[in-house]
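Numbered from 1 within each chain, the chains take letters A, B, ... in sequence-line order.
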Amino acid sequence: DTAVSQTPKYLVTQMGNDKSIKCEQNLGHDTMYWYKQDSKKFLKIMFSYNNKELIINETVPNRFSPKSPDKAHLNLHINSLELGDSAVYFCASSQPTGNTEAFFGQGTRLTVV
Amino acid sequence: GENVEQHPSTLSVQEGDSAVIKCTYSDSASNYFPWYKQELGKRPQLIIDIRSNVGEKKDQRIAVTLNKTAKHFSLHITETQPEDSAVYFCAADGGNEKLTFGTGTRLTIIP
């Protein structure tokens with residue numbers, strides 16, 4: 001009965017590879033997000049989707065491409081991985097009106113070697 | 001866009017003492033201010049939040065205060081316990097599907 005679940009939990013891959021992280025929420029929320037947490041623990045928003053539509057795209061390289069097949073899923077695909085992409089990536093969801101709690105997935109620790 | 005600053009970056013307090021973490025924000029349109037706790041290796045989880053029509057909110061040992069004029073808000077933890085050790089994040093939300101987080105405070109409770 002996990003509210004926001006993302007897979008995989010750990011991902012180790014070589015530079016130049018392409019990888020995907022999947023996220024699903026069963027809370028009935030319309031808004032989903034991807035956050036990146038670097039080694040200093042800073043939480044930076046990458047993307048925000050509302051009912052499958054892109055709302056926010058922060059200054060993220062276009063190697064990162066989110067895809068939302070339906071409002072319960074927001075996947076993140078990363079092309080040509082670089083060492084600097086190593087981080088923990090968190091998916092989250094909330095109600096679209098803002099002013100409400102954002103629920104986070106358990107995180108995906110991506111290590112690029 | 002919104003900019004949220006958080007201080008201190010690290011904080012150590014003796015068990016039983018109080019801890020205070022402070023945040024400032026830049027966008028006067030922001031009207032929702034949650035606080036998240038992240039334990040080691042875990043996801044951030046909401047511990048308390050406050051909306052702009054309220055100046056203070058308390059939940060057992062945790063309280064949050066908001067000063068909209070000065071654009072700052074604070075988290076207060078009283079009677080600290082070892083399980084309070086974690087990284088705490090403040091955040092500000094202007095209702096535009098963008099929750100901006102502060103840089104985090106690593107709180108250590110010394111037994």
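- Here Y36(B) and F104(A) bring their ring centres to under 6.0 angstrom of each other.
- Note that the CD1 atom of I48(B) and the CD atom of E101(A) stand 12.0 Å from one another [nearest 0.5 Å].
- Of all the listed residues (T100(B), L46(B), V87(B), D49(B)), the one sharing the greatest number of non-hydrogen pairs under 4.5 Å with chain A is L46(B).
- A continuous path of Ile, Leu, Val, Met, Phe, Trp and Tyr side chains, each step under 4.5 Å between heavy atoms, connects I21(A) with L83(A), placing both in one hydrophobic cluster.
- Ranking A91(B), P34(B), G104(B), P44(B) against chain A, the residue ahead of the rest is P44(B), based on heavy-atom pairs under 4.5 Å.
- Side-chain contact between F101(B) and Y35(A) is present, with at least one heavy-atom pair separated by less than 4.5 Å.
- Other residues, nucleotides and ligands contribute only 12 or fewer heavy atoms inside 6.0 Å of the NZ atom of K22(A).
- Within 6.0 Å of atom CD in E83(B), more than 12 heavy atoms from other residues, nucleotides or ligands are found, so the atom counts as buried in its surroundings.
- Of all heavy-atom pairs spanning F89(B) and Q37(A), the tightest one is CZ-NE2, 3.5 Å.
- Among the residues in residues 105-113 of chain A, those with a non-hydrogen atom closer than 4.5 angstrom to a non-hydrogen atom of chain B are G105(A), Q106(A).
- Using a 4.5 Å cut-off between heavy atoms, Q38(B) contacts chain A through its side chain alone, with no backbone atom that close.
- Heavy atoms from other residues, nucleotides or ligands lying under 6.0 Å from CD of E15(B) number more than 12.
- The neighbour count for L40(B) CG, taken as heavy atoms of other residues, nucleotides or ligands under 6.0 Å away, does not exceed 12.
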